Amino acid sequence: MEIAKAYDPKEAEEKNYQRWESLGFFAPEINGNPDAEAFSIVIPPPNVTGSLHMGHALQHTLMDVLTRWKRMQGYRTLWLPGTDHAGISVQRKVVEQLKKDEHKKPMDIGREEFVKRAWKWKELYGNTITEQMRREGASVDWTRQRFTMDESLSLAVRNVFCTLYDEGNIYRGLRIVNWCPKDKTVLSDLEVKEETSKDGKLTYLRYPVKDSDKTITVATTRPETMLGDTAVAVNGDDERYKDLVGKMVLLPLTNREIPIIADAYVDAEFGTGAVKITPAHDPNDYLVGERHNLEQRLVMNMDATMNAAAGTEFEGLDRFVAREKVVEEFEKLGLLEKVDDYEITLPVCERCKTIVEPILSEQWFVKMDELRDMGLELIKQENAPHFSPEVPHLKVYTAWLENLKDWTISRQLWWGHQIPAWYDADGNVFVGRTEEEAKEKAGGRELTQDSDVLDTWFSSGLWAFSTLGWNGDVTTTLDLETFLPTDVLVTGRDIMFLWVSRMMMLTKKFVGKTAFKDCVITGTVLGKDGKPMSKSRGNGVDPIEMFDKFGVDATRIYLASIATGADIRWNDIGVETYRNFANKIWNAARFCLMYSEASDLDWATATQEEKDKYREERGRLTLADRWIDSRAAKTAQALNRSLENYQFHEAVNLVFHFFRDDFCDWYIELRKDEIVAGNILASAHLFWVLDMALRMLHPFMPYLTEELWLKLPGSSDALHNPAYREADASIMLADFPVGNPKWFDDIAEKEMESVIELIKKVRNIRAEINISTAVKFTVHVAAHEYFQKVFAANEAQILKLAKAEKLVIGETLDVPRASAKAVTADASIAVPLEGLIDFDKERERLQNQIEKLDIELQRLNGQLSNENFVSKAPAEKVEELRDRQTEIEQQTKTLTSNLESLNV
RNA sequence: AGUCUCUUAGCUCAGUUGGUAGAGCAUUACCUUGACAAGGUAGGGGUCAGCAGUUCGAGUCUGCUAGAGACUACCA
């Protein structure tokens with residue numbers, strides 16, 4: 001069979017994914033073994049507004065590698081896909097669209113119509129990322145695709161809410177919250193990020209003390225909030241202010257009198273030692289206010305303009321305009337002490353970067369005490385989830401749980417799960433799964449539903465079990481039984497608290513199980529500049545572009561080659577290396593297929609059992625066959641072990657070097673002559689190894705391996721894992737190599753290494769003396785009897801690969817003076833080169849070899865003459881070094897005598 | 001401020017019970033050898049950030065220093 005000269009990724013990608021999906025290969029139902037163990041992963045649901053970025057590509061690759069690997073091993077495998085409704089993001093898209101297309105605001109069309117539009121937006125644009133996942137080759141079960149606002153998932157949300165409410169674990173209350181004036185919604189602490197600004201100012205304001213000519217100076221970064229001050233606090237132990245405590249201050253610009261109070265919260269060392277207290281606009285002040293029973297004076301509207309309580313002069317002004325005006329007014333009154341430059345970190349909205357305003361507001365909260373304890377118990381008692389890598393995530397995760405605060409779950413949006421709470425005319429609250437239920441509780445009174453929706457992460461927190469059918473009304477399903485706990489969660493650090501922790505707690509609480517056993521935390525793929533990829537930096541790399549340029553398989557295996565958890569700078573060259581590798585695989589297979597006809601008869605019709613039997617007949621195998629079998633088996637075993645430990649980069653290294661070094665560079669070259677000559681057994685064995693190599697590569701490079709595997713003579717559903725015997729032939733259902741120890745062959749490896757070393761040394765002589773390959777020379781080898789036989793048995797290969805025309809094997813070397821010489825662990829080598837050799841250079845060459853050995857020998861001698869080492873180090877180690885010492889001494893001796901013979 | 005991570009070849013990075021420092025790319029020389037020039041062969045290149053300690057032995061363990069980064073908290 002003749003195939004294209006280079007691998008064309010596009011063709012393989014389009015054809016194969018469609019076939020796999022349409023044949024139902026991704027669904028667990030493809031597994032026909034009723035006793036098969038389950039393996040499951042739920043995808044971290046990407047935002048419906050999202051498009052694929054490199055972080056997804058990395059995580060999806062790892063999840064797919066695991067899924068394909070386990071599927072091939074015969075597990076009943078489920079990788080469940082889906083998307084998240086992404087409250088604020090979608091809301092913003094729809095608002096923008098509305099403004100652009102119709103010049104309308106949400107209020108103009110009303111809630112119902114707005115939500116309708118949002119759904120429409122989702123239908124139109126929400127599957128960008130799922131289509132991109134198909135391109136990635138993600139073997140997710142699309143028949144089980146979920147969306148956080150699906151009917152059943154929404155019911156789960158309401159049920160969870162009601163249960164938590166009934167238990168008192170959800171409450172409504174007036175608290176200082178993080179308010180985003182642009183998105184006009186409250187944010188949880190985790191959705192607030194920090195930005196450092198050097199342009200901050202620290203403003204010192206003087207407040208006149210009543211019935212006194214004294215003033216007390218407070219410092220603030222937000223002067224406009226002074227309009228809401230209801231006290232000035234000092235430390236009770238601060239001698240400077242002791243006499244002022246209990247007195248009143250005349251708050252400028254407001255005509256209000258506020259008390260001077262003493263509170264331990266105030267650090268006498270900082271600033272002026274006196275702090276303005278604004279309970280409605282600062283979390284710390286709020287607490288102080290509670291302790292001292294202070295008025296909570298709200299001076300801002302929810303769009304961050306000042307309200308009526310701020311006074312007529314300020315009402316309607318934006319907070320930053322009001323800030324300037326306050327300072328101006330103080331200056332006019334002569335009460336502005338000074339304004340210092342001050343580096344400040346500001347809380348900003350994670351999404352829109354607007355400065356977040358701490359503001360007093362009535363919101364819904366989840367009390368985290370019980371849930372936190374559940375999370376802590378899981379991690380401490382069961383080590384669930386088990387993090388990879390464990391450092392630093394176990395510690396960070398645990399510490400975060402230990403300091404967990406209540407979770408603000410209401411959001412002032414229209415898109416999302418509307419809070420299942422209703423109010424009567426008096427403001428009494430009734431919580432129920434449905435309006436009817438709430439009404440019943442309210443005794444039939446007219447009710448209106450809370451207009452807020454729940455934090456998006458509330459529904460994602462249920463993802464591990466809501467996607468498997470749990471909705472509170474239905475609490476047991478076959479999928480829940482089979483796939484929960486899921487085996488592993490693969491995600492990034494950024495959502496460890498937002499999502500990972502909450503899913504662990506809520507799954508434990510509502511299903512009584514751990515959500516996932518293991519948790520792989522990937523690193524961050526950084527831009528070429530070493531900074532996280534971002535639109536504003538313009539350093540992003542689009543995975544789709546990489547797919548187009550280098551192919552999906554090359555991109556995947558490159559991503560898998562990054563050490564788990566480590567950040568890495570993006571590097572096109574890395575992908576290019578694996579693109580080249582893909583081409584190498586293609587061409588190695590191309591060579592094999594060129595001679596496939598010869599083996600068809602023997603091979604294509606053989607069953608796996610017959611092939612295994614063939615393998616048993618060791619006598620029919622050459623040294624190279626036994627060697628490659630051993631290498632393949634050891635590679636497979638190590639590969640499985642690496643994947644079990646989520647050491648993807650190790651796994652990639654193993655298959656990469658096995659394929660390129662062992663299989664291409666040595667095995668194919670060693671057997672080439674016989675294959676080309678039409679030796680059926682040689683060809684059959686070649687396919688036998690190629691088939692295994694492709695199966696090991698498949699989880700990383702699904703398209704290429706499928707494309708080739710289906711072309712292999714004899715590849716059929718007979719090679720499937722027994723669980724998939726009924727399905728159409730595909731490498732993705734073929735049995736994953738286990739690395740059977742019965743193929744381990746240390747003798748073959750030792751002998752082959754000896755032959756390889758010999759060939760390399762001869763090549764080295766040719767390269768160093770710079771002898772054209774056109775010159776065919778004779779190679780003399782002296783070795784012990786055992787290796788004489790090994791070399792003799794592999795004479796043809798040695799001659800071919802060393803480009804020699806004659807091999808003389810003996811007990812000792814018998815060569816003319818004009819010979820180039822070298823030693824290996826098992827042999828000494830000489831190549832007579834009359835007329836081609838420069839004696840001075842040859843001396844130098846030998847001298848160099850001796851020197852290299854001498855450096856090592858001296859170190860060994862040093863160690864072995866150290867009594868402490870010999871007595872304290874393990875006996876095996878000492879023995880090992882002694883052997884090496886003997887070997888080097890022997891080699892040095894040979895080289896030295898070679899050198900001397902040059903001088904004769 | 002607290003916690004943690006990182007610093008290894010020119011570049012990007014591997015390196016788990018402490019035991020002769022590795023890969024890819026780049027680089028040098030040679031090679032149109034019937035799978036592959038997106039290739040082959042043979043090389044060169046490292047005081048493992050610095051200092052001290054533990055140890056027979058430290059890239060690996062401990063402490064300190066310097067640089068880079070992450071997270072958490074606070075910032076009147």
Side-chain angles (χ1 to χ4, degrees), chain A residues 3 5-7 194 200 202-204 218-222 225 232-233 265-267 270-278 282 284-285 342-346 389 391-393 395-396 399-400 403 493-494 496-497 524 526 528 530-531 550 554 558 561-563 565-571 573-574 576-595 645 647 649-650 653 656-657 664-665 668-669 672 676 759-760 763-768 770-774 800-801 803 855-856 859-860 862-863 866-874 876-878 880-881 884:
Chain A
I3 64 171
K5 215 174 165 195
Y7 172 53
E194 278 172 1
L202 191 58
T203 307
Y204 290 77
V218 296
T220 179
T221 54
R222 298 191 292 154
T225 61
V232 171
Y265 155 69
V266 180
D267 176 3
F270 190 93
T272 61
V275 183
K276 57 191 278 309
I277 299 297
T278 324
D282 183 280
N284 290 309
D285 293 4
Y342 189 67
E343 186 178 312
I344 191 170
T345 45
L346 294 162
V391 177
H393 301 114
K395 205 169 163 184
V396 171
W400 184 78
N403 297 301
R493 283 189 284 267
D494 49 338
M496 189 148 86
F497 305 140
T524 310
L526 307 169
K528 291 180 178 95
K531 301 264 170 64
F550 300 112
Y558 169 64
S561 77
I562 300 167
D567 289 352
I568 191 170
R569 284 186 201 209
W570 182 263
N571 191 354
I573 289 164
E576 201 178 331
T577 299
Y578 287 105
R579 190 270 313 261
N580 296 350
F581 178 53
N583 197 50
K584 183 93 181 168
I585 297 169
W586 179 266
N587 276 292
R590 182 166 175 264
F591 171 77
C592 298
L593 288 166
M594 281 177 170
Y595 302 97
N645 296 319
Q647 300 297 306
H649 63 295
E650 247 176 49
N653 251 314
F656 178 79
H657 285 112
C664 293
D665 289 353
I668 290 183
E669 296 303 334
K672 197 174 242 174
V676 171
I759 292 167
K760 284 191 156 184
R763 283 170 172 174
N764 177 261
I765 287 171
R766 188 185 284 277
E768 286 196 341
N770 201 9
I771 298 173
S772 155
T773 46
K800 180 175 155 74
L801 298 184
K803 299 196 194 312
I855 291 168
E856 193 184 340
R859 186 170 46 218
L860 285 172
Q863 259 181 296
N866 182 335
E867 264 181 50
N868 276 322
F869 172 72
V870 178
S871 60
K872 288 184 182 173
E876 296 159 14
K877 196 79 225 169
V878 178
E880 195 184 312
L881 294 194
R884 181 67 187 148

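Excluded from the calculations below are hydrogen atoms, water molecules and symmetry mates; all remaining heavy atoms, backbone and side chain alike, are included. So you know, we letter chains A, B, ... as the sequences are listed, proteins then strands, and number each from 1. For clarity, every value in this text was computed on a predicted model and none was experimentally measured.
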Sequence-aligned protein contact record of nucleotides 40-48 of chain B, with B where the base is within under 4.0 Å of a protein heavy atom and S where only the sugar-phosphate is: SSSSS----
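Of the candidates B:A14, B:C36, B:C4, the closest approach to any side-chain atom of A:A563 belongs to B:A14. With B:C71, B:A35, B:U3 as the candidates, the nucleotide lying closest to the side chain of A:V396 is B:C71. Comparing B:C75, B:A35, B:A14 against the side chain of A:A566 picks out B:A14 as the nearest. In this structure, of B:U5, B:C75, B:G19, it is B:U5 that holds the atom nearest to the side chain of A:V391.
In this structure, A:F550 has no ring pair (Phe, Tyr, Trp, His ring centres under 6.0 Å) partners at least two apart in sequence or on a different chain.
In this structure, A:H649 reaches the B:G15 phosphate: one of its side-chain N or O atoms is under 4.0 Å from OP1 or OP2. The side chain of A:R569 places an N or O atom within less than 4.0 Å of a non-bridging phosphate oxygen (OP1 or OP2) of B:U12. For the pair A:K877 and B:G19, the criterion of a side-chain N or O lying under 4.0 Å from OP1 or OP2 is not met.
A cation-pi arrangement is absent between A:K584 and A:F656 under the rule of less than 6.0 angstrom and at most 45 degrees off the ring axis.
Each of A:A873 and A:I562 lies near RNA chain B, and the nucleotide nearest A:I562 is the one positioned closer to the 5' end.
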Secondary-structure string, 5' to 3', Watson-Crick or G-U under 3.5 Å, | for another-strand partners, for RNA chain B: (((((((..((((.....[..)))).(((((.......))))).....(((((..]....))))))))))))....
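Rounded to an integer number of Å, the gap from A:F581 CZ to B:C25 P is 12 Å.
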